[in-house]
Structures are given as structure tokens and as C-alpha cells.
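Below is one structure, written out as C-alpha cells, with a few remarks after it.
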Amino acid sequence: MLRYNFKYELRLLLRSRWIQILSLILLVLFGFSTFNGIEKVEKRKNDILTAKQQVKESDAAMLKLLDSVERGLEVSASPWTIPTNPMNVGNHHPRVAAMEPQPMAFVSTGQADLFTHYIKPTVSGDDFALNFTEMTSPVQLLFGSFDLAFVIVYLLPLLIIAFTYNVLSAEKEQGSLRLLASQPISIRKWVFQKLILRFFWLSVLVILSLLVVFFLIGVEPLEWTSTLSLLGLTICYMLFWFALAFLVNLFVGSSAKNAVSLIMLWVIFVLLAPSVLNQLGNTLYPMPSRTLMINEMREHKAEVTKRQDEILDNFLRDHPEYAINDTTQSRNFYHSYMASQKVVKEALEPIVSSYELQLHKQQEWSKKLQWLSPAIVAQESLNQLAGTSTADYEDYRDQVIGFAETWREHLMAYLYNNKPFGQQDYSSLPNFQFSYASNTTMGVSALVLLLVAGALLVFGFAVQGKSQKRGLLSN
Amino acid sequence: MITTDKLTKKFGDFTAVDNLDLSVKEGEILCLLGANGAGKSTTINMLLGFIKPTSGTAKINGLDVIKNNLKTKESITYIPENLMLYPSLTALENLDYFAGIAGKELSPQMLTDFLKEAGLQEEAFQKRISTFSKGMRQKVGIALALAKDTKVLLLDEPTSGLDPKASNEFGALLQKLKKKGVAILMATHDLFRAKEVATHIGIMKDGKLRQQFVAENISLSELETAYLDTMNYKEALS
């Protein structure tokens with residue numbers, strides 16, 4: 001039977017123009033979303049490049065100024081900007097701590113539209129770790145990004161539903177089911193073969209369309225292992241929807257009911273499940289108020305400002321290493337300010353930690369329950385592949401916080417030793433280098449999707465026997 | 001070849017087929033006559049295993065159709081009132097597909113021969129079924145019976161809606177199959193066609209086989225009278 005189904009299914013699909021229509025739709029969707037994704041990545045790269053260019057220009061001006069100062073020339077710079085003061089270097093000539101997009105970043109915007117991807121940590125700025133969110137249009141946040149992950153996770157299932165909802169019911173409605181059922185074949189196996197063949201042809205179309213789009217748009221460098229992972233995950237995700245369609249075809253009945261049932265399942269798995277998980281996460285692990293935290297931070301700042309001198313004395317007593325080479329014992333605003341910053345940070349540590357802890361608990365909870373929805377599994381895996389997952393941004397944030405500390409420590413040594421910053425010190429300024437640690441669980445996700453799809457198919461074969469007689473073949 | 005023993009089907013309180021005993025041997029054509037709802041189609045549905053009998057048994061070639069459903073279908077060809085094939089496939093492709101999934105691998109020459117034998121004109125072989133009349137589709141059904149080397153042919157109102165010529169041609173095809181030893185059970189309203197093709201004729205009413213005749217022993221008018229008597233139509237007509 002498989003040979004004949006294989007031989008004629010493609011002819012039927014071609015003559016009903018399904019293959020042509022699907023090819024066109026897939027090319028348009030994949031083409032537009034890939035183009036969109038690449039545009040975003042390019043913008044991100046340009047933003048980073050511009051920031052780095054600005055730093056380069058600012059550094060050139062700083063070195064020129066330092067050169068003039070060191071040659072004893074008169075310079076027109078205020079005491080708050082002149083780079084001989086290490087704090088001015090730390091504040092006005094920061095490095096760019098950028099999260100360079102990964103080669104497959106165009107696949108999924110992920111968290112990229114929520115978090116910033118470059119930052120310039122200064123020595124006396126606010127704790128930027130709390131201000132990591134990007135200013136983004138609320139409309140864009142509401143509708144999400146039209147990227148490849150959106151097409152695969154949200155739209156591809158709708159195409160599968162349209163392609164599969166009436167495999168069996170159409171035979172009944174056209175009248176050919178009775179002739180089919182009078183042949184020595186199992187209708188279950190027949191439906192299964194038809195769906196597997198449609199799955200096969202749709203997979204071929206998806207793979208070809210994606211490769212054509214990648215080739216035409218010129219995705220460079222095309223990482224073949226990542227591309228294969230992307231295709232593998234997409235195929236597994238598609239198989240899940242075909243397995244659902246198999247069950248609905250067997251258990252439901254008329255084309256209209258099948259279509260409604262599958263759309264309901266789409267709503268549940270793609271829209272409801274992520275939303276419910278998010279709501280439950282917020283309810284179980286409520287986040288402390290961000291506003292309260294910021295207020296508390298301000299109060300602490302105001303309080304420590306009043307007793308900056310006392311703080312500075314205590315600080316230097318506690319940290320003599322900062323002023324180990326200081327012979328002048330001269331103190332100015334920055335000495336007190338930097339010391340008080342440290343005190344504020346230490347005082348706020350428990351509040352920030354509680355915020356972080358709740359966030360971590362929420363994320364862990366969502367991670368555990370993500371397996372309830374294949375759509376979440378697929379989206380999360382694509383985010384990981386693109387390097388735009390929450391974990392990637394947390395990793396980046398940790399690296400930036402680490403770098404900011406290094407930047408501050410490096411320049412504080414100049415401050416407390418009252419050592420001016422010079423041209424010769426420029427080369428030893430710390431620089432940020434983002435190190436990407438792949439945290440993909442794509443293999444596991446694909447395996448889970450395969451297992452779920454397999455279980456649904458086995459369920460269909462095991463249970464359908466009794467339901468077959470429920471009127472599908474009777475008049 | 002076809003036997004039923006006290007075959008009964010109830011849908012709730014309604015008895016569609018009631019203790020039906022039938023036997024159709026090789027080379028016999030049994031025409032079941034009866035009004036709508038008499039139980040003819042339900043009987044055929046049970047012989048195909050589409051509906052499970054409430055009680056009694058239905059057998060094809062000695063095999064219970066429920067216990068050996070797929071095995072019994074190997075020797076059955078079923079032609080419903082409206083034989084619906086795949087409209088976007090040609091006659092040859094439809095025949096190849098349905099014979100193929102039934103396990104008959106046929107060469108293009110054999111497919112052509114069967115369609116010819118079924119009386120389909122050659123120019124129609126490569127035409128899509130969507131352009132076919134009902135009579136032409138019935139011929140593809142007969143070609144399928146020939147291709148499957150069928151032993152049992154089940155027909156449900158096959159001539160309804162056919163013009164006299166097509167109906168006559170269809171009758172001739174049944175005679176051909178009869179000579180090949182095929183056991184044929186045909187449900188029909190067409191008394192004339194039944195008298196023409198059948199070896200045996202049964203009249204069903206309310207799920208029961210009320211009368212049964214050897215076709216050659218009864219004239220058309222006697223058959224008509226018997227039919228109207230059984231249906232209690234005489235009063236209504238007089």
C-alpha cells in the first residue's frame with residue numbers, strides 16, 4: 001500500500017496545487033522572516049560598531065589631550081573632563097561591553113528586543129545591571145518579531161493544520177472512503193501513511209525553501225551544523241503537529257470539527273500554555289517591586305552622601321590596598337564618592353539578591369514546565385541556537401558586571417594612590433571581550449519532540465480500533 | 001460464497017436487518033429488492049464489515065467478515081450507488097491505485113485490458129475521472145473487480161440514475177462476471193433490471209427477507225405483483 005500511496009500522493013498534491021501553494025507560502029514566509037532577522041542583526045552590529053567608533057574617536061581625543069598635558073601645553077578642559085584624572089577616564093572614556101550577535105542570531109530575536117546588547121560601564125554610573133532593558137516599542141513587544149522562529153513556531157503549525165485536517169474526512173465527504181474501506185487495507189494505516197507522506201513532502205519543501213532563502217539572501221557565514229540543528233528541530237516540531245493531526249483525523253470526524261479541534265490545540269499549545277506558565281510563575285514566585293528597590297537605592301545613596309567623609313575613612317581602613325602607593329594623602333570628591341558607592345552596593349546586595357533569586361526561581365520553574373508545550377520547547381531551542389535566550393543575556397550581563405568591576409578597580413587604584421592617568425597607561429586599560437558559551441539543549445528538545453510525537457502516533461494505533469466504527473463509514 | 005445466518009442489526013429500538021438468511025453461490029446473482037429503509041444497504045454494509053451485526057453472522061467464502069475483515073475484502077469488490085474515485089486522477093491511475101493498494105500489481109497493459117474488458121472506451125483511459133459520467137465510473141469499478149480477480153461483487157443501487165443504454169451495458173457486464181463464477185449481490189429498486197440479470201431475487205421489507213424467487217421461474221409482471229403485495233402498495237395504488 002505504501003508504494004502506491006507514495007506514487008499517487010504526490011500526483012494528487014501536485015494536481016490539487018497544494019505543493020505549489022505551499023512552496024510559495026513557505027518561500028514568502030521564510031524569505032521575509034529571514035530578511036527581517038538579518039536586518040535586525042545588521043542594526044545590532046551597526047549599533048555596536050558605531051559605539052566602538054565613538055570610543056575610538058573619544059580615545060584619540062583623550063590621547064591628544066594627554067599628550068598636550070604631558071608636554072606642558074595649556075589645554076582647555078574642565079577639571080571634570082580632563083583625562084589625567086582617572087575618574088574622568090572611567091566616566092567619559094568607557095569601553096564598549098558588547099554582546100556580538102551569533103552567526104544564527106537572525107533565526108530568533110528571542111530576548112534581543114528586551115535587553116540591550118551593548119553598554120558602556122562607567123566608574124561612577126548607577127548600577128547598570130538594573131537598567132539592562134532596551135527601550136522598545138510596546139506595539140512590537142505585543143506582536144513580537146516576525147522572525148524565522150515566529151514562522152516556525154507559530155505559523156508552520158497553521159500550515160500543517162490546513163494541510164492535514166481533512167485527510168480522512170475529505171474522503172468521506174467526497175464519497176471515496178467507502179471504496180477505500182472496501183479494499184483489504186487498514187484505514188488507520190492508510191491515514192497514517194497519507195500523513196507520513198504529507199509530512200515527508202512538507203519537510204522536503206521546508207528544507208528546500210529554507211536553503212533557497214539562505215542562499216538567496218546570502219546568510220554568511222552559513223554554519224552548517226547550526227543549520228542542520230535548525231532543520232532537525234523544525235522537522236521534529238512538525239512531526240508533533242502531524243501526530244496531533246493523525247489523532248484528530250481518527251477521533252474527531254467531519255472536516256469542520258477537525259479544523260476547529262486542531263485550531264483549539266494550536267491555541268492551547270502555542271498561545272495559552274506559555275501565557276499560563278508565565279502567569280503561574282509570577283503568582284508562585286512574585287518579583288519584589290522594582291520601584292521599591294530603586295527608591296530604596298536612592299534612600300541609601302542620600303543617606304551615605306551625608307556621611308561620605310566617615311565612609312571614606314572606614315573604607316580606606318578596611319581597604320588599605322587601594323592607597324598602598326599614596327604619599328600625598330590628598331582627598332577630593334571622587335575619593336568619597338567611590339567609597340560610598342561601594343557602601344551603597346554592599347547595603348543593597350540583599351535586595352538585589354532577593355530580586356535575582358525570585359527571577360531565577362521563576363526561570364527555573366518555567367524551564368521545568370516548558371516541556372508541557374512543544375511550542376515553548378521549540379522557541380526556547382531556537383533562541384538558544386540564535387544566542388538570544390534568557391540564559392545568553394544573563395551570561396552577558398554577568399560578564400558585563402564582572403568587566404565593570406574590573407574597570408572600576410583598575411581606575412580606583414589610580415584614584416586612591418593619587419596617581420594621574422597618562423598616555424603610557426592607555427594600553428593597560430581593560431577591554432571587554434564577550435565570550436559566548438553555547439548552552440543549547442537542542443538535541444534534548446528534538447528528542448523530546450520526537451518522543452511526544454511517537455507517543456501520540458502509538459496512542460492513535462492502540463486506541464483507534466474501537467472508534468473506527470463510530471459512524472465514519474455508515475451513511 | 002456469500003452467506004448470512006440470522007444476521008441482525010439493531011440501531012437502538014429500530015431493527016434494520018432482522019434474522020436474515022442469505023446464500024449466494026459462485027456464478028449466481030441475487031438481487032435484493034425493497035423500498036428505502038428495507039435493510040438492503042445495511043446488509044451490504046455488514047458484509048463489508050463497515051457495520052458490526054447485533055447478532056448472527058455474515059460470511060464470505062466461509063470466513064466471518066468481522067473476524068477476518070481484511071482477508072474477506074481481498075475477494076470482494078464493492079460498487080456503491082455513486083462510485084467516487086479520485087477526480088484528479090485518470091481512469092488508468094485510479095485503477096492502478098485501487099488495485100495496487102488491494103495488493104494487485106498490474107502492468108500498464110493489464111490495466112488497459114481490464115478497462116477495455118469493462119467496456120470503457122479507449123480514449124477515456126487517460127482522461128481524468130472528473131470528466132466521467134456515472135456510467136463510465138461504474139465501468140472503472142467493474143474493471144477493478146476484474147483486476148482484483150474478485151470472487152464476490154457487492155452492488156448497492158448501481159444502476160440508479162443510469163440511462164437505459166448505460167444500465168443495459170452494466171447488466172451485460174454483470175452477466176460476464178457471472179460467467180466467470182463471481183457471486184454477485186445487488187441491492188436495487190429496479191425490478192426490470194433485476195429480472196434481466198438476476199439468477200435469484202429477494203424482496204426485503206422492514207429488515208426481513210419476505211419473498212425469494214428463482215428469477216427464471218417468475219415473469220416480470222408476477223415479480224411486480226409480488227413486490228407490490230409485499231410492500232402493501234396495492235391499496236395505495238388502487
Side-chain angles (χ1 to χ4, degrees), chain A residues 1-21 166-198 201 253 255 461 464-475, chain B residues 9 11 16 36-37 41-42 44-52 60 65-66 68-90 93-106 128-130 137 140-141 144-145 148 150 152-154 156:
Chain A
M1 175 167 65
L2 180 62
R3 203 184 123 206
Y4 283 88
N5 275 334
F6 186 82
K7 184 176 172 184
Y8 285 104
E9 185 62 7
L10 182 61
R11 280 188 209 186
L12 287 168
L13 291 174
L14 280 169
R15 288 178 191 173
S16 59
R17 308 216 184 281
W18 257 115
I19 295 284
Q20 296 89 325
I21 292 167
N166 65 349
V167 164
L168 184 57
S169 56
E171 297 288 337
K172 188 190 178 188
E173 284 149 14
Q174 289 161 14
S176 45
L177 180 61
R178 296 179 72 79
L179 183 60
L180 268 175
S182 69
Q183 308 308 320
I185 56 168
S186 152
I187 289 296
R188 252 181 307 176
K189 280 187 191 159
W190 181 87
V191 174
F192 176 73
Q193 287 187 5
K194 290 278 271 192
L195 282 169
I196 285 297
L197 287 169
R198 288 188 178 206
W201 288 118
S255 295
F461 272 106
Q464 194 270 339
K466 287 178 186 170
S467 67
Q468 189 175 346
K469 305 289 186 296
R470 284 192 323 192
L472 257 181
L473 296 169
S474 56
N475 284 317
Chain B
K9 180 65 194 178
F11 296 102
N36 288 335
S41 296
T42 307
I44 289 177
N45 282 340
M46 283 193 281
L47 284 166
L48 286 161
F50 292 174
I51 300 175
K52 225 175 179 176
I60 300 289
V65 296
I66 297 299
N68 305 281
N69 190 244
L70 295 186
K71 186 74 189 160
T72 54
K73 282 177 184 171
E74 283 175 11
S75 47
I76 295 177
T77 294
Y78 166 61
I79 301 180
E81 181 180 350
N82 266 311
L83 181 66
M84 297 312 289
L85 300 153
Y86 289 114
S88 58
L89 296 182
T90 66
E93 287 170 337
N94 266 292
L95 183 58
D96 184 36
Y97 177 69
F98 282 102
I101 62 169
K104 295 284 176 185
E105 199 173 315
L106 303 169
R128 291 192 186 183
I129 290 292
S130 55
R137 279 187 276 127
V140 179
L144 178 61
K148 281 176 75 177
T150 200
V152 170
L153 184 60
L154 300 175
D156 196 356

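Below, chains carry the letters A, B, ... as their sequence lines are ordered, and counting in each starts from 1. Reckoned from all heavy atoms, side chains included, excluding hydrogens, waters and symmetry mates.
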Q.
Heavy-atom cut-off 4.5 Å, strictly under: side chain, backbone, both or neither for B:Lys148 against chain A?
A. side chain

Q | Side-chain (B:Lys73) to main-chain (A:Ala181) donor-acceptor, under 3.5 angstrom | A | yes

Q | Partners passing side-chain hydrogen bond (donor to acceptor under 3.5 Å, both in side chains) against A:Arg198 (at least two apart in sequence or in another chain) | A | A:Glu9

Q. So, B:Tyr86 versus B:Phe98, ring centres under 6.0 angstrom or not?
A. yes

Q | Per-residue contact mode, B:Leu48 against chain A (heavy atom under 4.5 angstrom) | A | side chain

Q | More than 12 heavy atoms of other groups within 6.0 Å of A:Arg15 CZ | A | yes

Q. Side chain, backbone, both or neither: which part of A:Leu180 has a non-hydrogen atom closer than 4.5 Å to chain B?
A. both

(Q) Between B:Leu154 and chain A, with a heavy-atom cut-off of 4.5 Å, which part of the residue counts as in contact: side chain, backbone, both or neither? (A) neither

**Q.** B:Thr90 (side chain) donor-acceptor with B:Arg128 (main chain) under 3.5 angstrom
**A.** no

Q | Region of B:Tyr78 in contact with chain A, defined by heavy-atom distances below 4.5 Å | A | both

Q | Part of B:Asp96 within contact of chain A (heavy atom distance under 4.5 Å) | A | both

Q. Using a cut-off of under 4.5 Å for heavy-atom pairs, which of A:Ser176, A:Gly175, A:Ser182 has the most such pairs with chain B?
A. A:Ser182

Q. Which atoms of B:Leu144 come close to chain A, meaning under 4.5 Å heavy atom to heavy atom: side chain ones, backbone ones, both, or neither?
A. side chain

Q.
Show me the pairs that pass ring-ring contact (aromatic ring centres under 6.0 Å, His included) and involve residues 170-194 of chain A, at least two apart or across chains.
A. A:Phe192-A:Phe246, A:Phe192-A:Phe461

